[in-house]
Structures are given as structure tokens and as C-alpha cells.
Amino acid sequence: MRSTDTTRPPAASLGRTPRRRTPGPAGLLLLATPLLAAGCLLGACSGRVTPTRPAAPAPQTRATPSPAGTGTAGPAKRRHLVAQAVVPEITWFATPDTDAPRGQLANPNREGVPLVFAVEERRARWLLVQLPVRPNGSRGWLRAEDTRVTETPYDLQVDRSTHRLTVLRDGAVIARLPVGIGTGGTPTPSGRFYLTELLRPADPSGPWGPYAFGLSGFSDVITQFNGANGIIGLHGTNRPDLVGTDASHGCIRLRNADIEKLAGILPIGTPISIRG
């Protein structure tokens, strides 16, 4: 059943719009953001686009230590660990310190995107991570030496019942944005995921708008679409009138002005929870 919630607050200011970035200081993780055939990658969405050249890299953010000698503690920071693969193939295990692998992923993936993982637990030589594979919620242990670990201060929360995306930085809300979600027949899945890649469709006025993030989650209904595996996306739209309703195949739709601002600030690996 289609939601009757049609309230659409004005877009919050998230900072500057995306621009080409130069490499940052040592320690910043720079991730490629290819302009890919998003219609093939975001398999739970509709339409097609054609490949084009890579976009600018998006830097990963590291935590900044509190100044020494201030005498007072600052507000608690909620940073999330992100692991980027640094080997040609990532192997994951059911438990640490085992010789029996559970699976492998090529790095970069078939679209040429570097692999990243949201880290849930860190041990001396091992990382427990979310895996961008079916079924949703899959987790596994990676060897820490096969990755480079950084941090992101951002967190995304989608409430399907109110059609709202909340953007947090260090635990503080910086924006609440209206979104469109999946229909009753092709619902947006619930759970905790993360942003796996940033794409710029060749046609910014097309069904994905100017930018599309891929998520680590998959549609619970669509397993094959445009040759892909039903990957869920967070993207713009050429139907802003449907933002705030149940209208997609499972992807999360934003107004183009909002996705442009998010593309300018969100590192790959940022967690996103979907509920309601």
C-alpha cells in the first residue's frame, strides 16, 4: 500500500556541492568513484546508462585527536571504521585464526571499484566486517594485513515509515531529507548496510540523477535485474514528485540537489541503517 505521507521539508544545507578533489594529506584513503553503467550495477533500479570516464576520488576521513592540555573533554565522537582491500583478492573466514576460508571477492570488483568493508570489530590481526554479498547481514573475518583501515564520522539512517533520511556527523544530526522508497511489491530492505561505491551516471537528468551510491544490501525480491544481482542504491531521480512516496524497485531516491550534496561529503564505507 502506498504511503499517504506527503510532507516534504526543505533541503538542509550540507555544505559545498561536489567538486574535483586533489589528494589529501598522508593517511587519507582516496577511493575512485567511477562513472559506471549504474543501470547494471544498481540492479534493483530501473533504466540504463552508458559508461563514461572516472570521476574524482572521494577522500575517507580520519579521526582528529583532541587538543592536549585543554583541561576539559570535548563531546564524544562517533567514528566508524572502514577497511579498504589492498590485495587483489579478499578472503573471509567464519572465525579468526582459521585456515578454512568461507569465500573470496576480487579487488577491484567487476566494475573496477575498490572493495571496502564496514568494520564491526577489530582485533590484533583480524577484522569482523559486513560483507557486500547475499544474504543481507552477512559478516566475516578478514586478515587486517589485507586491508587499510580508516574512519568516517558520518552515519545515515532511513526511516521508511516517514520517508526520511537522517544524516549524522559524529553522532549529531546535520540534515533530514525526504526520500522515496520501494513499493509494497518491491520493498526497500531493512537492516544495517554501508556505502560501497559512488557512481556518476552518464545522463544526470536520467532516472538516477547526477549521482548514485551503491549499498552493500540487496533486494529481498529482485535477484536479477539488468544483468545485476538486485543491489540497492541511494541516488537522485528524474521524478522528484515521487520523493516522499513508495515508488521504486527497492532503491532509495533523493532529490537531485540533495544527492549532489551527499556525494560531496560522504566517504565510501559510511554506514546506513534502514528501518520502519
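Positions are given from 1 along the sequence.
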Q) About how many Å separate CG of Leu156 and CD1 of Ile252, when rounded to the nearest 0.5 Å? A) 9.0 Å

Q.
So does Gly250 get a backbone contact from the side chain of Thr188, meaning a donor-acceptor N/O pair under 3.5 Å?
A. yes

Q | Under-4.0 Å salt bridge between Arg192 and Asp155 | A | yes

(Q) Is there a side chain to side chain donor-acceptor pair (under 3.5 Å) between Thr152 and Thr270? Walk through the geometry before answering. (A) CA-CA 6 Å; Thr152 172; Thr270 293; 3.3 Å; yes

Q: Quick one: pull up OG in Ser190 and CG in Asp220 and give me the separation to the nearest 0.5 Å.
A: 7.5 Å

(Q) According to salt bridge (charged side-chain N to carboxylate O under 4.0 Å, His left out), does anything in residues 86-99 pair up with another residue at least two apart or in another chain? List the pairs. (A) Asp97-Arg125

Q | Contacts of type salt bridge (charged side-chain N to carboxylate O under 4.0 Å, His left out), residue Glu121, not counting sequence neighbours | A | Arg123

Q | Phe193 reachable from Leu168 in the ILVMFWY side-chain graph, under 4.5 Å edges | A | no

**Q.** Flag, side chain of Thr196 to backbone of Gly214, donor-acceptor distance under 3.5 Å
**A.** yes

Q. Do Leu105 and Leu127 share a hydrophobic cluster, counting only Ile, Leu, Val, Met, Phe, Trp and Tyr and linking them when any side-chain heavy atoms are less than 4.5 Å apart?
A. yes

Q.
Do Val133 and Leu128 land in one hydrophobic cluster if side-chain heavy atoms of ILVMFWY residues count as linked below 4.5 Å?
A. no

Q) Distance-only, no hydrogens or angles: does the Arg102 side chain make a donor-acceptor pair with backbone N or O of Trp141 under 3.5 Å? A) no

Q | ILVMFWY cluster, Val119 and Trp126 together (side-chain gap under 4.5 Å) | A | no

**Q.** Between CG on residue Leu262 and CG on residue Leu266, distance to nearest 0.5 Å
**A.** 5.0 Å

Q | Those residues that, when tested against Trp92, pass ring pair (Phe, Tyr, Trp, His ring centres under 6.0 Å) (two or more places apart) | A | none

Q.
With rounding to the nearest 0.5 angstrom, report the CG to CZ distance, Leu254 to Phe213.
A. 9.5 Å

Q) Can you hop from Val87 to Phe93 via hydrophobic side chains spaced under 4.5 Å? A) no

Q. Does a donor on one side chain sit under 3.5 Å from an acceptor on the other, for Gln104 and Thr91?
A. yes

Q. From Ile232 CD1 over to Ile222 CD1, what is the distance, rounded to the nearest 0.5 angstrom?
A. 7.5 Å

Q | Any side-chain heavy-atom pair of Arg275 and Arg160 under 4.5 Å | A | no

Q. Per the side chain to side chain donor-acceptor pair (under 3.5 Å) rule, which among Arg169, His80, Arg79 passes with Tyr154?
A. Arg169

Q. Looking only at atom types and distance, does a side-chain atom of Tyr194 sit under 3.5 Å from a main-chain N or O of Ser273, one as donor and one as acceptor?
A. no

Q: Look at Lys261 together with Asp258 and state whether they make a salt bridge at an N to O cut-off of under 4.0 Å.
A: no

Q: Report the distance from atom CG of Asn256 to atom OG of Ser205, rounding to the nearest 0.5 Å.
A: 9.0 Å

